[in-house]
Amino acid sequence: MKRKGVFLLVIALVLAFSAWPGQVRAADKTAAFLDLTDLTGAIAGLAGNASKVCEATFDYFNKQGGVEGVKVRYIGVDTRYDVARALSAYKRYRNTPRLLLANTISTGLSKAIYPLIERDRIINYTPGDGEFQARLGRTFIYSTPYQDGFAAALDWMKEDWQKKGNAGAPVVGFLSWDNPYGREPFRGGKEYSEKIGVNLLEAELFPVGSLKHDVWLNRLAAKGANYIYVGGVDPTQTNVIRDGHALGLTQKIQFVTDYWGPDRAVGVKAHPDALENAVIVSCFSRGTDTLNHPMMVEIWKKYMKTPVSEMLGSSSIGFSWAMHYIEGLRIALKDVGYEKLDGEAMYQAFLKLKDHDVTKGATGLCDYSPTSRRMSRYVKFYRVKSTEVVPITDWRVAPDAVSLHKF
């Protein structure tokens, strides 16, 4: 009897721990999300935090019973921003039961893995390369395309220039990484600048990892740039503007950055004086907007180890990854049920997300549809003010610059 009592106690403990909040048990109905992320490579500062919030968002829903009773199995792999590592990881996990989506955090990785995505008939996320909008497939851009965001920034620069009492249009410089991502805004953005009469200078591109940017900044200043649009992933933009500040350029040139620009808890915290008055165009909420988002704040408090005041802007990216997956999963389960749930059902579900407020305001309305792979058409502008990042516009529709380029 004593042995039987011990045996029953062990069984009870096993069952108790297997039902621990946030965990997925073997007996649960599950769907899988494969995150081929970067925790230690070139964009770890952005992707790593986004992935932590993505996983926490799934845990938040799993603890409440999942999506229509289905829990999400999050599988995160540190690819170090390396295509070979990511391909290897995908092959290792491709047979995971009900794997519906793979998150690919670089354009190169997305293109390399796409034949496998098609073969396995699942879907994947990718950053903002407009080519995935120009050539519709199973890849869904997890942002507004880079050229669309750049075009929206050109509109804002022209408006700002004229509000300051200047005639005509400004001279705009462009400074970013020397890689496909760095060149992408020009594939449609250049055509858009010509359309609205903005004098867009030839792009200045620098190697990823450059520590100083004086040479490129001085070139743009010598050519009379009134605005400089900066690409990269923070702290890259922070370092560029820091160098511009040291050269005295921030007093006469307005610096504007893309989506991955200065974060309140990274670049702004490190160099608040240099970044004061910098403008950021973003398709995700940032700064005070992120700090005031009820669901993200609740998730951060429950699952993160730092105060809400330390929440990074990239949190809304990871939150968006998870929320679009969850909304798609909800639709797929309604359409086909759990037994027939597969990548094709998720693909069809994503095509039905247009105009859904998927992220409760952390992004603009979703644009995924049979004719769109854009996460959203909306962007918002923020300004660095007194160590904080504050909104200076509401969500506004970005121009369609993708269609202006011949891919």
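Remember, it's a predicted structure, so these values are computed and weren't measured experimentally.
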### Message
Would you say the rings of Y325 and W321 are close, in the sense that their centroids are separated by under 6.0 Å?
### Response
no
### Atom NZ of K223 with >12 non-hydrogen neighbours under 6.0 angstrom
yes
### Message
Please determine whether salt bridge (Lys or Arg N to Asp or Glu O under 4.0 Å) holds for the pair D82 and R80, giving the CA-CA distance in whole Å, both sets of side-chain angles, and the decisive distance to 0.1 Å.
### Response
CA-CA 5 Å; D82 180 83; R80 303 183 191 175; over 6 Å; no
### Query
Given side chains that start at C-beta, do those of L341 and K29 come closer than 4.5 Å, heavy atoms only?
no
### Task
Report yes if the distance between the aromatic ring centroids of H293 and F319 is under 6.0 Å, otherwise no.
yes
### Message
Is there a side chain to side chain contact (heavy atoms under 4.5 Å, CB included) between I75 and T96? Walk through the geometry before answering.
### Response
CA-CA 10 Å; I75 304 169; T96 301; 3.9 Å; yes
#### Entry: More than 12 heavy atoms from other groups under 6.0 Å of NZ on K158
yes
### Query
E388 and V268: side chain to side chain contact (heavy atoms under 4.5 Å, CB included), yes or no, with the steps?
CA-CA 7 Å; E388 192 50 89; V268 177; over 6 Å; no
### Query
Are F350 and Y368 close enough that their ring centres sit under 6.0 Å apart?
yes
### Task
Carefully, step by step, assess Y125 and F33 under the rule side chain to side chain contact (heavy atoms under 4.5 Å, CB included).
CA-CA 11 Å; Y125 285 150; F33 178 102; 3.8 Å; yes
### Query
Between the side chains of Y378 and D394, is a donor N or O closer than 3.5 angstrom to an acceptor N or O?
no
### Query
What's the verdict on salt bridge (Lys or Arg N to Asp or Glu O under 4.0 Å) for D129 and R187, showing C-alpha distance, side-chain angles and the deciding distance?
CA-CA 9 Å; D129 192 320; R187 301 207 297 173; 3.4 Å; yes
#### Entry: Inter-residue atom distance L101.CG - L34.CG, 0.5 Å rounding
8.5 Å
### Message
I want to check something: taking the side chain as every heavy atom from C-beta on, are L205 and R183 in contact at a cut-off of under 4.5 Å?
### Response
yes
### Pairs meeting criterion salt bridge (Lys or Arg N to Asp or Glu O under 4.0 Å) with involvement of residues 278-306, two or more places apart
D289-K380
### Task
For atom CD of E194, decide whether the heavy atoms of other residues, nucleotides or ligands shown that lie under 6.0 angstrom number more than 12.
yes
### Message
Closer than 4.0 angstrom, basic N to acidic O: yes or no for D335 and K352?
### Response
yes
### Message
I'd like to know if R219 and D214 make a salt bridge, using a cut-off of under 4.0 Å between side-chain N and carboxylate O.
### Response
no
### Task
Identify the two heavy atoms, one from T79 and one from R85, that lie closest to each other, and give their separation to 0.1 Å.
O-CD, 3.3 Å
### Task
Answer whether the closest heavy-atom distance between the side chains of L329 and I326 falls below 4.5 Å.
no
Solution key, residues 248-257 side-chain donor-acceptor pairs under 3.5 Å, sequence neighbours excluded:
residue	atom	partner	partner atom	Å
T250	OG1	H245	ND1	3.0
Q254	NE2	N277	O	3.0

### Query
Between A151 and A401, which heavy-atom pair has the shortest distance, and what is it?
CB-CB, 4.0 Å
### Query
What is the ring orientation for H213 with F206, classed by angle as parallel under 30°, tilted 30 to 60°, or perpendicular over 60°?
perpendicular
### Message
I'd like to check L220 versus L175 (side-chain heavy atoms, cut-off strictly below 4.5 Å). Are they in contact?
### Response
yes
### Task
Evaluate the ring planes of F284 and Y142, with Trp represented by its six-membered ring, and classify them as parallel (under 30°), tilted (30 to 60°) or perpendicular (over 60°).
tilted
### Task
May I ask you to check whether F150 and Y229 place their ring centers less than 6.0 Å from one another?
yes
### Task
Give, for atom CG of L36 and atom CG of D38, the distance between the pair rounded to the nearest 0.5 Å.
11.0 Å
### Query
Roughly how far, to the nearest 0.5 Å, is CG of L353 from CD of E327?
6.0 Å
### Task
State whether F132 and R373 meet the cation-pi test: NZ (Lys) or CZ (Arg) under 6.0 Å from the six-membered ring centroid, and within 45° of the perpendicular axis.
no
### Task
Check whether more than 12 heavy atoms from other residues, nucleotides or ligands sit under 6.0 Å from atom NZ of K212, and answer yes or no.
yes
### Query
So does K164 have more than 12 non-hydrogen atoms from other groups sitting under 6.0 Å from NZ?
yes
### Message
Could you check whether any side-chain heavy atom of Y382 comes within less than 4.5 Å of a side-chain heavy atom of S285, counting everything from C-beta outward?
### Response
yes
### Summary
Minimal heavy-atom distance between V67 and L333, with the atoms involved, is O-CD1, 3.4 Å
### Query
Step by step, would you call Y146 with C283 a side chain to side chain contact (heavy atoms under 4.5 Å, CB included)?
CA-CA 10 Å; Y146 292 135; C283 54; over 6 Å; no
### Query
Taking the six-membered ring of Y338, is NZ or CZ of R98 closer than 6.0 Å to its centre and within 45° of its axis?
yes
### Message
What's the separation between atom OG in S51 and atom CD1 in I105, rounded to the nearest 0.5 Å?
### Response
8.0 Å
### Query
Which pair of non-hydrogen atoms, one from E310 and one from A265, has the smallest distance, and what is that distance?
O-CB, 3.9 Å
#### Entry: Non-hydrogen atoms of V77 and Y93 that approach each other most closely
CG2-CE1, 3.7 Å
### Query
Between CG of L275 and CD1 of I241, what distance do you get to the nearest 0.5 Å?
5.0 Å
### Message
Tell me the closest heavy-atom pair linking F381 and A152, and the distance in Å.
### Response
CZ-O, 3.5 Å
### Task
Please check if any side-chain donor atom of N49 sits under 3.5 Å from a side-chain acceptor atom of S315, or the reverse.
yes
### Query
Is there a side-chain contact between Q147 and E184 (heavy atoms, below 4.5 Å)?
yes
